[in-house]
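Since the structure is predicted, the reported quantities are computational estimates derived from the model, not experimental observations.
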Amino acid sequence: MSVDPMGYQGPMMIARRLARPLLAAGFVVGGINGLRHSEKLAPVARKVTDKVIPAAQKKVPQIPSEPVTLVRVNAGVQIVAGLALATGRFPRASASLLAASLVPTTVAGHAFWEETDPVAKNNQRLQFAKNLSMLGGALLAAVDTEAQPSVAWRARRAAKDLRKEAGHMGKDAAYEARLAAAKVG
């Protein structure tokens with residue numbers, strides 16, 4: 001892809017500049033809501049935290065276990081990572097954090113399978129599907145290399161090029177040795 005003197009990099013660049021803030025908006029708004037209403041959301045979060053946190057604390061004992069604190073931490077992650085994604089700062093890392101933060105939020109907050117009221121069940125199912133869509137967008141953003149090869153690809157390519165160059169050097173050395181032997185002999 002060519003870059004003109006004005007910095008235009010094509011339609012994908014424009015799409016990224018628009019899509020990242022659009023995707024991030026839902027996370028930032030959700031994070032702000034989580035901070036404002038953490039006390040109210042804590043009992044809902046407890047359904048997930050009570051199952052997940054004891055196992056996590058076996059590996060990392062410093063993880064807090066209070067649902068209100070966990071809701072606030074999750075909300076903070078969504079706000080900070082959302083703003084980072086929206087502004088193009090560490091887009092892959094911030095999108096990965098957003099994807100990870102969305103899973104417990106979705107499972108705890110939109111458990112449509114537990115609803116008995118048909119209207120509430122339908123609303124929760126809709127919110128669950130919306131969060132799955134956001135998760136998909138975050139996963140795509142997490143793997144987007146902006147049309148640049150990944151570090152792993154670059155390392156493999158460099159190793160391949162080195163092997164190829166070493167092979168050429170070996171052939172050149174053998175040729176030079178034959179020439180030297182022919183001059184002596």
Qualifying residue, where the test is side-chain hydrogen bond (donor to acceptor under 3.5 Å, both in side chains) with His110 and the options are Gln127, Lys130, Gln124: Gln124
Report whether Ile63 and Val73 are members of the same hydrophobic cluster (ILVMFWY, side-chain heavy atoms less than 4.5 Å apart, transitive linking). no
Would you mind reporting whether Phe27 and Leu102 have side-chain heavy atoms less than 4.5 Å apart? yes
Could I get the full list of side chain to side chain donor-acceptor pair (under 3.5 Å) partners for Thr105, not counting sequence neighbours? Asn74
Might you point out which heavy atoms bring Ser94 and Ala81 nearest each other, and give the distance in Å? CB-O, 3.4 Å
Suppose we screen for side chain to side chain donor-acceptor pair (under 3.5 Å). Which residues come up paired with Arg125, at least two apart in sequence or across chains? none
Under the side chain to side chain contact (heavy atoms under 4.5 Å, CB included) rule, collect the residues that match up with Ala120, sequence neighbours excluded. Glu115, Asp117
If hydrophobic clusters are built by linking Ile, Leu, Val, Met, Phe, Trp and Tyr wherever their side-chain heavy atoms come under 4.5 Å apart, do Leu23 and Leu135 end up in the same one? yes
Under 4.5 Å side-chain linkage, directly or through intermediates, the cluster mates of Leu140: none
Reported NZ-to-CZ distance for the pair Lys160 and Arg163, which is rounded to 0.5 angstrom: 8.5 Å
Report the residues that fulfil side chain to side chain contact (heavy atoms under 4.5 Å, CB included) with Ile32, sequence neighbours left out, ordered by chain and then residue number. Val28, Arg36, Ile79
In the single-linkage hydrophobic clustering (I, L, V, M, F, W, Y; side-chain heavy atoms under 4.5 Å), do Val44 and Phe112 co-cluster? no
Would you say Val107 and Val52 are hydrophobically clustered, going by side-chain heavy atoms of ILVMFWY under 4.5 Å? yes
Taking NZ in Lys51 as the centre, count heavy atoms belonging to other residues, nucleotides or ligands within less than 6.0 Å. Is the count above 12? no
Any non-hydrogen side-chain atom of Thr116 less than 4.5 Å from a side-chain atom of Lys121? no
Salt-bridge criterion met for Glu39 and Arg72 (N-O under 4.0 Å): yes
Going by salt bridge (charged side-chain N to carboxylate O under 4.0 Å, His left out), name the residues that satisfy it together with Arg20, two or more places apart in sequence or in a different chain. Asp144, Glu146
To the nearest 0.5 angstrom, please state how far the CD atom of Glu176 sits from the NZ atom of Lys171. 15.0 Å
Which heavy atom in Gln78 sits nearest to a heavy atom in Gly30, and how many Å separate them? OE1-C, 3.8 Å
Do Gln57 and Gln62 make a side-chain contact, defined as non-hydrogen atoms from C-beta onward lying under 4.5 Å apart? no
d(Met169 CE, Leu162 CG) to nearest 0.5 Å is 10.5 Å
For the CE atom of Met134 and the CG atom of Leu98, what is their distance to the nearest 0.5 Å? 8.0 Å
Distance check, rounded to the nearest 0.5 Å: Asn33 atom CG versus Leu41 atom CG? 6.0 Å
Would you say that Arg46 contacts Glu66 through its side chain, given a criterion of any heavy-atom pair below 4.5 Å between the two side chains? yes
Could you tell me whether the side chain of Pro64 reaches within less than 4.5 Å of the side chain of Leu70, counting heavy atoms only? yes
Any chain of hydrophobic side-chain contacts (each under 4.5 Å) joining Leu132 to Trp113? yes
